Amino acid sequence: AFLWVPIFSLKNHFKMSTSVTVKDYDTFEQGIADVRSDNSASNWFLSGHADGNPNVIEFIGVGSGGVEEFASELVSTRVMYGLVRLTEVIDMSMTTKYVFVTWFGADVGFAKRGKYGVVSGSIAQYFDPYQVSVTFDADPVDSVTEEYLMTKIQETSGTKSKVLDASEGKTRPERGFTSTSTSSGQSGPMSPTGAVPNLGKIGKQGSSFGGFTSQAKGGATVKIDESVKEYIAAVRSDTDEISWVCAKFESNNIKKPLIVSGYGEGDILEVTPHLLPEEVALVLLRLTDVVDDIPTVKFVYIMWVGENVKPLTKGKLPTCKGDLENVFYPYHAFIHATNHHDVRQQNIQDKVGGASGSKSNIK
């Protein structure tokens, strides 16, 4: 006899908790504090799951031997998390940088990877703040080098970002986010006037596509709905409170039009729930940076390619990347993100601050 179980029951039965607790928290906390302390020689910290429990992590070790020593402690059968302290010289000044490292050993089974993967966001909070997040997935231990981590730090500093010249674009005054900002963002196309429509009327674009197409290099045609351009204009407008827009391919199909999937008046924390692991999303985010005590508006372009996006879709993206980028241009900083670690508030602050020289002064 066969036992038929509804799919929704299976989903509920196997739903895993994403919360994480720390075993012997005092020891764990002291280890991280040592790495951050200017009075300590410690420059790396390592933790892992206690007794293989995805929802419990514990202190493993701390040391002062740098990245080489840190790498020697990584185990191929475990999922581990570390904090590494490095220094970067910028304009003859020594600055301290912290790298959050996630290690998926090559011998960790597929099923275990899934269990550990769903709690990664909860674990990252115990290592905040840090400038760079790096994940090694089934990589050899010798790939964890100081040179590689420093490369990631330098990329995050924003030296490769497209920064607007003072003469480019419209000069814009500071616009603060008001107390009426939405808590979760909104969805749907904007009316031709730029006003936000009634959410009850929002649905799929379907055959209502009214936009333009762009012939990408390699023959790929990119369809972009007009609402995307209208939302972007709203984010840039001094008279509209919208501070971000998120666009996705209709039905998660790269062959279909790029349409507006969400917008809001908040910060990156409001955007994050719209970034799903199985989807591609493009975001333009507006924020305020302080340079020489003068508040200035900055724009960040985020290309989100979720970790579970189909390989075929990932393969097609490079053929239309330039055309998609042009839709959101100009901007001050670019972030290519695959997980929520990549779009943490601190990472965005460092990216924009590095481009402008203001570092941590972003509101």
Side-chain angles (χ1 to χ4, degrees), residues 32 35-36 83-91 93-102 120-121 123-135 149-164 172-178 181 185 235-236 242-246 264-275 281-304 328 330-363:
I32 289 183
V35 174
R36 296 190 184 281
L83 188 70
V84 178
R85 174 174 174 160
L86 294 169
T87 55
E88 181 182 21
V89 178
I90 301 177
D91 296 332
S93 298
M94 191 80 72
T95 59
T96 300
K97 302 288 185 178
Y98 295 96
V99 182
F100 172 52
V101 177
T102 301
S120 58
I123 292 173
Q125 65 181 335
Y126 291 107
F127 293 82
D128 248 346
Y130 50 85
Q131 283 71 43
V132 181
S133 174
V134 179
T135 298
L149 296 186
M150 285 303 302
T151 297
K152 291 299 180 182
I153 289 174
Q154 290 162 1
E155 289 176 355
T156 304
S157 67
T159 55
K160 296 182 180 179
S161 300
K162 294 184 177 180
V163 183
L164 292 176
R172 301 163 54 96
E174 175 186 9
R175 179 190 68 190
F177 299 128
T178 68
S181 296
V235 173
R236 298 189 187 279
I242 292 177
S243 58
W244 63 268
V245 57
C246 178
E265 300 174 11
D267 57 16
I268 189 62
L269 296 178
E270 188 178 276
V271 181
T272 303
H274 295 262
L275 306 178
L282 305 172
V283 176
L284 186 68
L285 173 68
R286 173 175 176 157
L287 45 75
T288 302
D289 187 17
V290 179
V291 182
D292 296 330
D293 295 325
I294 300 174
T296 58
V297 172
K298 302 290 184 180
F299 296 98
V300 180
Y301 169 50
I302 301 171
M303 174 174 275
W304 168 269
F328 291 83
Y331 48 83
H332 299 82
F334 168 71
I335 295 176
H336 183 278
T338 59
N339 58 62
H340 288 170
H341 293 167
D342 299 334
V343 290
R344 290 183 316 113
Q345 186 72 38
Q346 185 64 49
N347 283 357
I348 292 176
Q349 290 177 347
D350 289 338
K351 198 74 172 179
V352 176
S356 63
S358 61
K359 296 299 180 185
S360 61
N361 296 327
I362 301 170
K363 292 184 179 180

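What you see is a predicted model, and the numbers here were worked out from it, not measured in a lab. In this chain, residues are counted from 1 in sequence order.
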Novice: Closest approach of R36 and P129, non-hydrogen atoms and distance?
Specialist: NH2-O, 2.7 Å
Novice: Mind checking the CZ-CG spacing from R344 to D128? Nearest 0.5 Å is all I need.
Specialist: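 Spacing of CZ (R344) from CG (D128) equals 4.5 Å.
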Novice: Roughly how far apart are T272 OG1 and H340 NE2, rounded to 0.5 Å?
Specialist: 5.5 Å
Novice: Minimum heavy-atom separation for I268 and Q345, please, with both atom names.
Specialist: CG2-OE1, 2.9 Å
Novice: Is V132 close to K97 at the side-chain level, that is, under 4.5 Å between some pair of heavy atoms?
Specialist: no
Novice: Taking ring-ring contact (aromatic ring centres under 6.0 Å, His included) as the test, write out the residues that go with Y301, two or more places apart.
Specialist: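 Here the qualifying residues are F328, Y331, F334.
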Novice: Picking from V235, V352, L285, what satisfies side chain to side chain contact (heavy atoms under 4.5 Å, CB included) with F299?
Specialist: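 Exactly one option meets the side chain to side chain contact (heavy atoms under 4.5 Å, CB included) with F299, and it is V235.
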Novice: In Å and rounded to the nearest 0.5 Å, what is the CD to CG distance from Q154 to L149?
Specialist: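 Answer for the CD-CG pair, Q154 versus L149, is 11.0 Å.
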Novice: Should I153 and Q131 count as side-chain neighbours, where that means a heavy-atom distance under 4.5 Å?
Specialist: no
Novice: Does T338 have any side chain to side chain donor-acceptor pair (under 3.5 Å) partners at least two apart in sequence or in another chain, and if so, which?
Specialist: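 T338 satisfies side chain to side chain donor-acceptor pair (under 3.5 Å) with D342 only.
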Novice: Can you find a heavy atom in the side chain of E270 that is under 4.5 Å from one in the side chain of C246?
Specialist: no
Novice: For the NZ atom of K298 and the OG1 atom of T288, what is their distance to the nearest 0.5 Å?
Specialist: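 Taking NZ in K298 and OG1 in T288, the distance rounds to 10.5 Å.
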Novice: Identify, with sequence neighbours excluded, every residue that meets ring-ring contact (aromatic ring centres under 6.0 Å, His included) alongside Y98.
Specialist: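 In terms of ring-ring contact (aromatic ring centres under 6.0 Å, His included), with neighbours along the sequence ignored, Y98 is linked to no residue.
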Novice: Please report the closest heavy-atom contact between I123 and F127, naming both atoms and the distance.
Specialist: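 Minimum heavy-atom contact is O-CD1, 3.4 Å.
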Novice: Is any side-chain heavy atom of V283 less than 4.5 Å from a side-chain heavy atom of H274?
Specialist: no
Novice: Measure across K152 and V134 and return the closest heavy-atom pair with its distance rounded to 0.1 Å.
Specialist: CG-CG2, 3.9 Å
Novice: State, to 0.1 Å, how close Y130 and A124 come at their nearest heavy-atom pair, and which atoms those are.
Specialist: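 Result for this residue pair: OH-CB, 3.5 Å.
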Novice: When you compare the side chain of V343 with that of V271, does any pair of heavy atoms fall below 4.5 Å?
Specialist: no
Novice: At their closest point, which heavy atom of R85 faces which heavy atom of T96, and how far apart are they?
Specialist: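 R85 and T96 have their closest heavy atoms at NE-CG2, 3.6 Å.
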